[in-house]
Amino acid sequence: MITRLALWLATALGVGYIPFAPGTFGSIVGLVLWAILPHSTSVQAVSIAIVFVVGCWSGSVAERHFGRTDPGQVVIDEVVGILITLFLNPVGWRGALAGFLLFRASDIVKPFPANRLERLPGGVGVMADDAMAAIYANLALRLCLGVFA
């Protein structure tokens, strides 16, 4: 029962089982979550913390279940990545789409130290590299908002 709950959470309600581009679909789940959360700094910060902690736990369970490090089905890291990317950025849907694209690019490239953080053990490594990639995407989005606004 606990393993099923952890897998359900780690795969963002099963989205991670989509056979193509599960990370992209996980990021879309993050956009939906961002859209339904109140646009309150404290609510968003607490949500990021909760998703990160739940992702560390469920990611560890998923790694044991799938028998490999950072399995592709685990997309809760993409969910938190979008939340971090959009955190404290005053954007509507166009800005959120830009943040989505910036996060996906940063998550794929994994600039230093994100590429090192994925070596951390268990679910912490699953979550930390995407969180760092999201910080880069957040900063890039801020730059874009400053230049194009």
Side-chain angles (χ1 to χ4, degrees), residues 5-63 66 68-120 123-149:
L5 173 63
L7 292 174
W8 186 69
L9 293 168
T11 62
L13 315 179
V15 169
Y17 293 113
I18 293 173
F20 58 94
T24 298
F25 286 102
S27 296
I28 292 169
V29 171
L31 275 178
V32 171
L33 180 57
W34 170 81
I36 63 174
L37 284 173
H39 290 284
S40 153
T41 301
S42 57
V43 169
Q44 290 183 6
V46 168
S47 298
I48 288 167
I50 289 170
V51 174
F52 188 86
V53 169
V54 168
C56 289
W57 167 71
S58 64
S60 292
V61 172
E63 281 191 338
F66 292 111
R68 62 184 185 278
T69 303
D70 200 358
Q73 296 90 338
V74 175
V75 295
I76 193 169
D77 49 339
E78 274 80 16
V79 174
V80 83
I82 289 293
L83 296 179
I84 292 170
T85 298
L86 299 175
F87 185 62
L88 295 177
N89 275 313
V91 296
W93 276 106
R94 285 180 44 199
L97 178 59
F100 172 86
L101 295 172
L102 288 166
F103 172 66
R104 292 307 303 142
S106 185
D107 186 32
I108 291 165
V109 172
K110 295 225 189 297
F112 180 84
N115 58 348
R116 299 281 176 104
L117 294 175
E118 65 188 348
R119 297 179 192 165
L120 292 171
V124 173
V126 171
M127 299 301 289
D129 67 314
D130 284 55
M132 188 70 235
I135 290 169
Y136 287 130
N138 180 293
L139 295 172
L141 181 58
R142 288 175 187 282
L143 180 64
C144 289
L145 291 171
V147 170
F148 299 112

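Computed over heavy atoms, backbone and side chain alike; hydrogens, waters and symmetry mates excluded.
The shortest side-chain heavy-atom distance between Met127 and Ile76 falls under the 4.5 Å cut-off. No side-chain heavy atom of Glu118 sits less than 4.5 Å from a side-chain heavy atom of Val126.
Here the closest heavy-atom approach between residue Gly59 and residue Ala10 is recorded as N-CB, 4.5 Å. The two residues Ile18 and Pro22 have their closest heavy-atom pair at O-CB, 3.8 Å. Here the closest non-hydrogen pair linking Asp130 and Phe103 is O-CE1, 3.6 Å. The shortest heavy-atom contact between Gly123 and Ser60 is N-OG, 2.8 Å. When all heavy atoms of Ser58 and Ala6 are compared, the pair lying nearest together is CB-O, 3.3 Å.
Between Arg116 and Asp129 there is no salt bridge, since none of the side-chain N atoms of the basic residue sits less than 4.0 Å from a carboxylate O of the acidic one.
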**Report entry** Derivation and outcome, side chain to side chain contact (heavy atoms under 4.5 Å, CB included), residues Leu145 and Leu141
**Finding:** CA-CA 6 Å; Leu145 291 171; Leu141 181 58; 4.2 Å; yes
Query raised in the report: Checking side chain to side chain contact (heavy atoms under 4.5 Å, CB included) for the pair Tyr136/Leu102: CA distance, chi angles, key distance, verdict?
Result: CA-CA 9 Å; Tyr136 287 130; Leu102 288 166; over 6 Å; no
N/O donor to acceptor pairs below 3.5 angstrom from side-chain atoms of residues 78-98, sequence neighbours left out:
unit_1, atom_1, unit_2, atom_2, d
Thr85, OG1, Gly81, O, 2.8
Asn89, ND2, Thr85, O, 3.0

Side-chain donor-acceptor pairs of residues 31-57 under 3.5 Å, sequence neighbours excluded:
unit_1, atom_1, unit_2, atom_2, d
His39, ND1, Gln44, NE2, 3.3
Ser40, OG, Ser42, N, 3.4
Ser40, OG, Ser42, OG, 3.1
Ser40, OG, Val43, N, 3.4
Ser47, OG, Val43, O, 2.7

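One distance of note links CD of Gln73 with CZ of Arg68; it measures 4.5 Å at 0.5 Å rounding. Taking CD1 of Ile108 as the start and NZ of Lys110 as the end, the distance is 8.5 Å to the nearest 0.5 Å. The structure places CG of Asp70 at 6.5 Å from CD of Glu63, a figure rounded to the nearest 0.5 Å.
Panel note: side chain Ser106, backbone Ala133; a donor-acceptor pair is recorded below 3.5 Å.
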